[in-house]
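Position 1 is the first residue of the sequence; numbering continues from there. What you see is a predicted model; the values in this text were computed from it and never measured.
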Amino acid sequence: MSRSDFTPAQASTPEQLAGTARLGVVIPVALISFFYANLLDYALPLYLGAREAAAEAAGGSFPRGMYATAAIWRVTPWIIGPILAGLFSRLFGERLVWSLALLGKLAVPLTLLMHPAPQAISLMAIWQGFTGALMWIAGLSLVQMVPTHRKGFANGLLMTSMGVGSLLGPICGRILLYRGEVGELISGGQGGEALRRLVNLSKLNSTPTLTDFELLFMILAGTTTTCAVLIGLWGQRPGRFQRDAPATFASTITDLKTLATMPAFWGLVIPLCLFGGAVFGTSNYFLPYRAEELGLKDGSSDNGWIWLTLLKTLMWIPGGLAVGMLAGRRAPGIAAVLMIGTFSAAATFIGVSQAAWQLFASVAVFEFARQFMRWSHGGYLTEHIGDRLRPTAIGFAITFSGLGETIYGWASKVTWDPDLPEFESWRPILVASIAGLFATAGLFLYDRLKPIRADHAPESENDSDELHPAVPPEPPTETVS
């Protein structure tokens with residue numbers, strides 16, 4: 001038996017575990033957090049449809065483009081939020097930042113419970129985006145705080161938990177919204193028919209009203225509060241990870257200066273984050289409109305939207321498992337090319353889909369690739385620039401993703417306003433996806449001229465504060481089978 005077989009046992013020593021993430025707490029919290037996010041993502045388009053119907057019944061109006069407006073406002077704080085998250089994580093620790101961000105999210109469901117005006121929904125979207133940025137950067141950075149040989153395992157668990165939590169969210173959302181109709185069928189001895197309606201094999205007769213959404217929002221408030229307590233009290237082991245020196249403001253500024261002068265950092269961030277952010281926006285902003293154009297939803301009525309939402313989240317599970325196989329191996333630049341290329345191509349097909357089955361197929365590939373794109377902003381990036389710069393680099397990188405998505409969102413809203421009756425969602429989708437394909441070509445050329453994998457050698461677990469020039473790979477003892 002080789003020495004590498006004993007690596008996991010070595011990681012159990014107190015010295016090596018000091019300051020590391022407690023995956024037994026972190027992963028369930030991540031799962032519940034994504035349950036929260038995707039329950040809200042499933043319900044929000046339907047809720048806004050119910051707001052439109054209620055306003056029309058009362059002789060008033062409610063903006064049809066409220067979903068796109070809220071989505072754009074939600075992304076806008078990601079211009080500055082990730083940088084602040086990275087700085088706060090460096091100065092105060094990932095665990096504290098993640099816990100406070102989860103607690104801050106409590107304001108969103110509590111506000112929606114009161115069925116606020118469109119302006120208040122926009123404000124809550126901004127707050128949701130800001131706290132989401134803090135949570136994602138701090139959480140992603142905390143997951144990287146494991147022994148080197150465990151990084152693939154930790155990242156794979158994180159991405160897979162995203163899929164599981166996100167899969168449960170829409171299912172629970174549909175049950176909660178149609179609980180009245182389904183409950184009547186079950187109490188009348190028609191359990192089979194209730195199941196058929198829940199899975200959309202039979203048409204649901206009721207349409208959710210504003211009252212139906214209130215229990216859902218209360219459950220969201222409970223889950224985010226629970227997660228905040230769990231991660232704040234038990235998310236990290238005592239001690240300082242890898243015996244890092246305590247962070248100071250001066251050392252954080254030094255990190256920023258170091259990143260600004262690293263060609264590999266910019267070579268990855270511009271295509272994967274800046275252009276990739278716009279490609280993220282194609283689904284985040286316009287997928288509900290594409291679904292409505294192809295008959296999968298109509299206002300607050302779910303005519304197949306549940307299946308598209310479930311497909312999205314279901315694809316995160318194999319995507320997360322695939323990330324786990326690649327994470328920790330310092331994959332070469334061609335891996336990044338394939339990530340952004342596949343992501344952009346799938347977005348293109350979402351835009352040109354003319355039938356529901358085409359949209360389903362395109363979304364499946366898009367969401368599988370989404371997991372790699374998420375990981376590219378954190379784990380993949382830090383494997384190539386060094387562990388000492390981890391939280392600052394992740395925050396800086398995802399800021400560019402937020403910048404790209406925000407610019408794309410506002411430019412699209414000005415050019416193609418969803419409030420107008422002639423709006424067609426395929427137009428803004430194709431603009432971003434084609435730009436992503438051009439970014440793919442640029443990254444490919446950069447990697448051919450200056451191979452990304454050769455820029456820096458892998459770091460040892462006890463030498464994370466140094467950035468080395470290219471050297472031969474380390475012995476196989478660091479490789480995970």
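Residue pairs meeting the salt bridge (charged side-chain N to carboxylate O under 4.0 Å, His left out) criterion with at least one partner in residues 304-314, sequence neighbours excluded, do not occur; the list is empty. Here salt bridge (charged side-chain N to carboxylate O under 4.0 Å, His left out) pairs that include residues 18-47, with residues two or more places apart or in two chains, are D41-R74. Note on residues 269-284: no pairs pass salt bridge (charged side-chain N to carboxylate O under 4.0 Å, His left out), not counting sequence neighbours. Within the structure, no pair that satisfies the side-chain hydrogen bond (donor to acceptor under 3.5 Å, both in side chains) test touches residues 265-279, not counting sequence neighbours.
For the pairing with L220, the side-chain contact (heavy atoms from CB on, under 4.5 Å) check across L39, L110, L113 returns one residue only, L39.
Taking the side chain as every heavy atom from C-beta outward, L268 and L272 approach each other to under 4.5 Å. Counting only heavy atoms from C-beta outward, the side chains of L103 and T224 never approach each other to under 4.5 Å. Counting heavy atoms from C-beta outward, L430 and S433 have side chains that approach closer than 4.5 Å. Between F360 and S353 the shortest side-chain heavy-atom distance does not fall below 4.5 Å. Counting only heavy atoms from C-beta outward, the side chains of F88 and L100 never approach each other to under 4.5 Å. Taking 4.5 Å as the limit, every side-chain heavy atom of V25 sits out of range of all side-chain heavy atoms of Q236. Side-chain contact between L287 and L359 is present, with at least one heavy-atom pair separated by less than 4.5 Å. Put simply, the side chain of C172 reaches to within 4.5 Å of the side chain of F35, judged on heavy atoms.
To the nearest 0.5 angstrom, S141 atom OG is 10.5 Å from W98 atom CH2. Between I231 atom CD1 and L102 atom CG the span is 7.5 Å, to the nearest 0.5 Å. Considering CG of L443 and CG of L338, their distance stands at 9.5 Å, rounded to 0.5 Å. Atom CG in L140 sits 12.5 Å away from atom CE in M145 (nearest 0.5 Å). Distance check, rounded to the nearest 0.5 Å: CD1 of I270 to CZ of F265 gives 9.5 Å. The CD1 atom of I171 sits 11.0 Å away from the OG atom of S166 when rounded to the nearest 0.5 Å.
Ring geometry for F343 against F366 counts as parallel: the plane angle stays under 30°, on a 0 to 90° scale with 60° as the upper cut. Under the 30°/60° scheme for interplanar angles, the aromatic rings of Y289 and F286 are found to be tilted.
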**Study point:** Audit row: R179, L215, side-chain contact (heavy atoms from CB on, under 4.5 Å) steps and yes/no
**Key:** CA-CA 11 Å; R179 62 188 182 275; L215 176 60; 3.9 Å; yes
Check your understanding: Can you list the steps and then say if R150 with L23 is a side-chain contact (heavy atoms from CB on, under 4.5 Å)?
Key -> CA-CA 11 Å; R150 299 274 290 176; L23 295 181; 4.2 Å; yes
Review point. How far apart are the C-alpha atoms of T399 and I80, what are their side-chain angles, what is the distance that settles it, and do they pass the side-chain contact (heavy atoms from CB on, under 4.5 Å) test?
Key: CA-CA 6 Å; T399 287; I80 187 64; over 6 Å; no
Exercise for review: Kindly determine whether L112 and M124 satisfy side-chain contact (heavy atoms from CB on, under 4.5 Å), including the steps that lead there.
Suggested key: CA-CA 9 Å; L112 291 175; M124 282 299 98; 5.7 Å; no
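Taking the salt bridge (charged side-chain N to carboxylate O under 4.0 Å, His left out) definition, one finds that R370 meets it with E367, sequence neighbours left out. The side chain to side chain contact (heavy atoms under 4.5 Å, CB included) search around T406 returns V75, T76, I79, W410, not counting sequence neighbours. Considering only residues two or more places apart in sequence or on other chains, V143 meets the side chain to side chain contact (heavy atoms under 4.5 Å, CB included) condition with V26, A154, L158. Annotation: side chain to side chain contact (heavy atoms under 4.5 Å, CB included) contacts of P318 (sequence neighbours excluded): M315, F368. Residues meeting the salt bridge (charged side-chain N to carboxylate O under 4.0 Å, His left out) test with R290, sequence neighbours left out: E293. In this view, R174 and D302 satisfy the salt bridge (charged side-chain N to carboxylate O under 4.0 Å, His left out) rule, not counting sequence neighbours. Under the rule for a side chain to side chain contact (heavy atoms under 4.5 Å, CB included), the partners of A435 that lie at least two apart in sequence or sit in another chain are F275.
Closest approach of Y380 to G333, counting heavy atoms only: OH-CA, 3.6 Å. Residue P147 comes nearest to T20 through the heavy atom pair CD-CG2, 4.1 Å, listed as atom of the first residue, atom of the second, then distance. Nearest heavy-atom pair, P45 versus W305, reported as atom, atom and distance to 0.1 Å: CG-CZ2, 4.1 Å. The two atoms that bring L437 and A345 nearest to each other are CD2-N, 3.9 Å, heavy atoms only.
For CZ of F349, the number of neighbouring non-hydrogen atoms (other residues, nucleotides, ligands) closer than 6.0 Å is 12 at most.
Between the side chain of Y42 and the main chain of L310, no donor-acceptor pair closer than 3.5 Å is present. Judged purely by atom type and a 3.5 angstrom limit, S362 uses its side chain to pair as donor or acceptor with the backbone of Q358.
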Under 3.5 Å, side-chain donor or acceptor atoms of residues 129-137 against the rest of the protein: list the pairs with distances, not counting sequence neighbours.
| from | atom 1 | to | atom 2 | distance (Å) |
| --- | --- | --- | --- | --- |
| T131 | OG1 | W127 | O | 2.9 |
| T131 | OG1 | Q128 | O | 3.2 |

